[in-house]
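Just the heavy atoms: all of them, side chains too, but no hydrogens, waters or symmetry mates, feed the values below. Treat the numbers as computed from the prediction; the structure is a model and nothing was measured.
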Amino acid sequence: MSQTTHDPFQEYRTVIQNLSALAVSITRTEEAKTAAVSNNRHELLDECIQEEQALLLKLRGLEQRRIRLQAELGWDSLTLTQILDTASPEQAEALQPVFQELERQLGRLQTAREAAEQILKVRLHELKVFSQAGAAYDNGGNISQNGGVQGTGRIRSTYV
């Protein structure tokens with residue numbers, strides 16, 4: 001029977017790598033959400049949102065493991081930079097590229113999230129304007145620019 005040894009440092013490094021990979025997945029979901037809304041494919045949003053919820057649950061679990069391991073390593077409540085300053089030279093050398101990748105992926109995620117929020121705000125504004133405009137359709141089935149017959153006091157009849 002083989003006995004595995006618990007190496008908190010290696011486990012911590014793996015958790016950080018998994019956080020980077022998860023950030024990539026969340027970024028892809030955000031980009032898919034942005035594309036769906038931009039292309040008026042709103043039926044695809046439910047799938048994106050469900051995927052995002054599952055990824056966020058994974059994120060919560062990884063974050064709990066990261067916090068536990070940081071405490072175990074004596075780094076609780078330290079920033080990544082502070083960890084690099086506190087860690088041994090060998091640990092800092094092993095963590096530097098992993099932290100850089102995490103920061104890079106989190107930056108990409110932030111950009112994707114901002115783009116998704118912006119396009120969603122634009123679409124919501126369009127819906128609000130459209131619903132308040134009292135849009136009407138002309139005889140050709142096109143949206144009338146003047147909002148129908150508002151303000152005329154009578155219904156227009158093309159059959160009279």
Side-chain angles (χ1 to χ4, degrees), residues 4 6-87 89-138 140-145 147:
T4 58
H6 175 66
D7 183 356
F9 178 75
Q10 284 305 324
E11 191 177 338
Y12 178 76
R13 191 170 177 275
T14 300
V15 166
I16 299 299
Q17 290 171 326
N18 290 340
L19 283 169
S20 292
L22 191 57
V24 169
S25 296
I26 295 170
T27 300
R28 284 188 191 128
T29 303
E30 285 295 325
E31 290 168 345
K33 194 169 29 175
T34 302
V37 174
S38 295
N39 297 321
N40 288 322
R41 301 282 317 271
H42 301 144
E43 70 277 5
L44 301 176
L45 282 178
D46 277 343
E47 184 179 321
C48 290
I49 291 169
Q50 288 174 1
E51 183 177 337
E52 187 175 48
Q53 288 172 341
L55 292 171
L56 292 175
L57 284 175
K58 281 184 178 181
L59 177 64
R60 184 177 299 140
L62 281 173
E63 267 300 291
Q64 289 173 349
R65 280 183 61 201
R66 181 194 63 78
I67 290 167
R68 180 182 53 78
L69 289 165
Q70 270 188 218
E72 197 173 323
L73 291 163
W75 301 332
D76 45 350
S77 72
L78 295 181
T79 66
L80 300 181
T81 303
Q82 290 170 332
I83 289 172
L84 290 175
D85 292 340
T86 304
E90 297 81 21
Q91 289 174 329
E93 186 178 333
L95 289 174
Q96 179 74 31
V98 177
F99 284 176
Q100 285 177 338
E101 179 63 14
L102 177 61
E103 288 179 354
R104 189 172 77 79
Q105 294 307 330
L106 290 176
R108 285 188 63 227
L109 174 58
Q110 182 65 31
T111 300
R113 184 163 292 254
E114 288 170 359
E117 281 182 26
Q118 187 63 33
I119 193 70
L120 285 170
K121 283 179 185 177
V122 167
R123 291 293 184 229
L124 287 172
H125 179 72
E126 287 174 351
L127 288 171
K128 183 178 177 183
V129 168
F130 181 75
S131 68
Q132 290 175 347
Y137 293 93
D138 64 15
N142 301 311
I143 296 176
S144 172
Q145 295 300 325

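- The CG atom of Leu73 sits 8.5 Å away from the CD1 atom of Ile83 when rounded to the nearest 0.5 Å.
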inquiry  = Test side-chain hydrogen bond (donor to acceptor under 3.5 Å, both in side chains) on Gln105 and Glu101; report intermediate values, then the result.
reply    = CA-CA 6 Å; Gln105 294 307 330; Glu101 179 63 14; 2.7 Å; yes
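- Summarising the geometry, atom OG1 belonging to Thr111 is positioned 11.0 Å from atom CG belonging to Leu106; distances are rounded to the nearest 0.5 Å.
- Residue Arg66 places its CZ atom among more than 12 non-hydrogen atoms of other residues, nucleotides or ligands, all under 6.0 Å distant.
- Under a 4.0 Å N-O distance rule, the pair Arg28/Glu31 does not qualify as a salt bridge.
- A distance-only check finds a donor-acceptor pair linking the side chain of Arg123 to the backbone of Val37 [under 3.5 Å].
- A salt bridge links Glu11 to Arg65: at least one charged side-chain nitrogen sits closer than 4.0 Å to a carboxylate oxygen.
- The line from OG of Ser25 to CG of Leu109 is 10.5 Å long, rounded to the nearest 0.5 Å.
- Within a 6.0 Å sphere centred on NE2 of His125, heavy atoms belonging to other residues, nucleotides or ligands number 12 at most.
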request  = Check the pair Gln96 / Gln100 against side-chain contact (heavy atoms from CB on, under 4.5 Å), numbers first and verdict last.
outcome  = CA-CA 6 Å; Gln96 179 74 31; Gln100 285 177 338; 2.9 Å; yes
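- We find the CG-CG distance between Asn39 and Leu44 to be 9.0 Å, quoted to the nearest 0.5 Å.
- Here the CG-CG distance, from Leu62 to Leu19, works out to 5.0 Å after rounding to the nearest 0.5 Å.
- Taking the charged nitrogens against the carboxylate oxygens, Glu63 and Arg60 have no contact shorter than 4.0 Å, which rules out a salt bridge.
- Between the CG atom of Leu22 and the CG atom of Leu56 there is a distance of 8.0 Å, given to the nearest 0.5 Å.
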request  = List the steps, then state whether side-chain contact (heavy atoms from CB on, under 4.5 Å) holds for Ile49 with Thr29.
outcome  = CA-CA 8 Å; Ile49 291 169; Thr29 303; over 6 Å; no
key: CA sep, side-chain torsions, deciding dist, call: Asn18, Thr14, side-chain contact (heavy atoms from CB on, under 4.5 Å)   = CA-CA 6 Å; Asn18 290 340; Thr14 300; 3.8 Å; yes
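- Judged by distance alone, with hydrogens and angles left aside, the side-chain atoms of Arg13 form no donor-acceptor pair with the main-chain N or O of Leu95 at under 3.5 Å.
- Using a 4.0 Å cut-off between charged nitrogen and carboxylate oxygen, Glu117 and Arg113 do not count as a salt-bridge pair.
- Without hydrogens or angle criteria, Arg108 side chain to Thr27 main chain gives no donor-acceptor distance under 3.5 Å.
- Using a distance-only test at 3.5 Å, with no hydrogens or angles considered, a donor-acceptor pair links the side chain of Gln70 to the main chain of Trp75.
- For Gln110 and Glu114, the side-chain atoms include at least one donor-acceptor pair closer than 3.5 Å.
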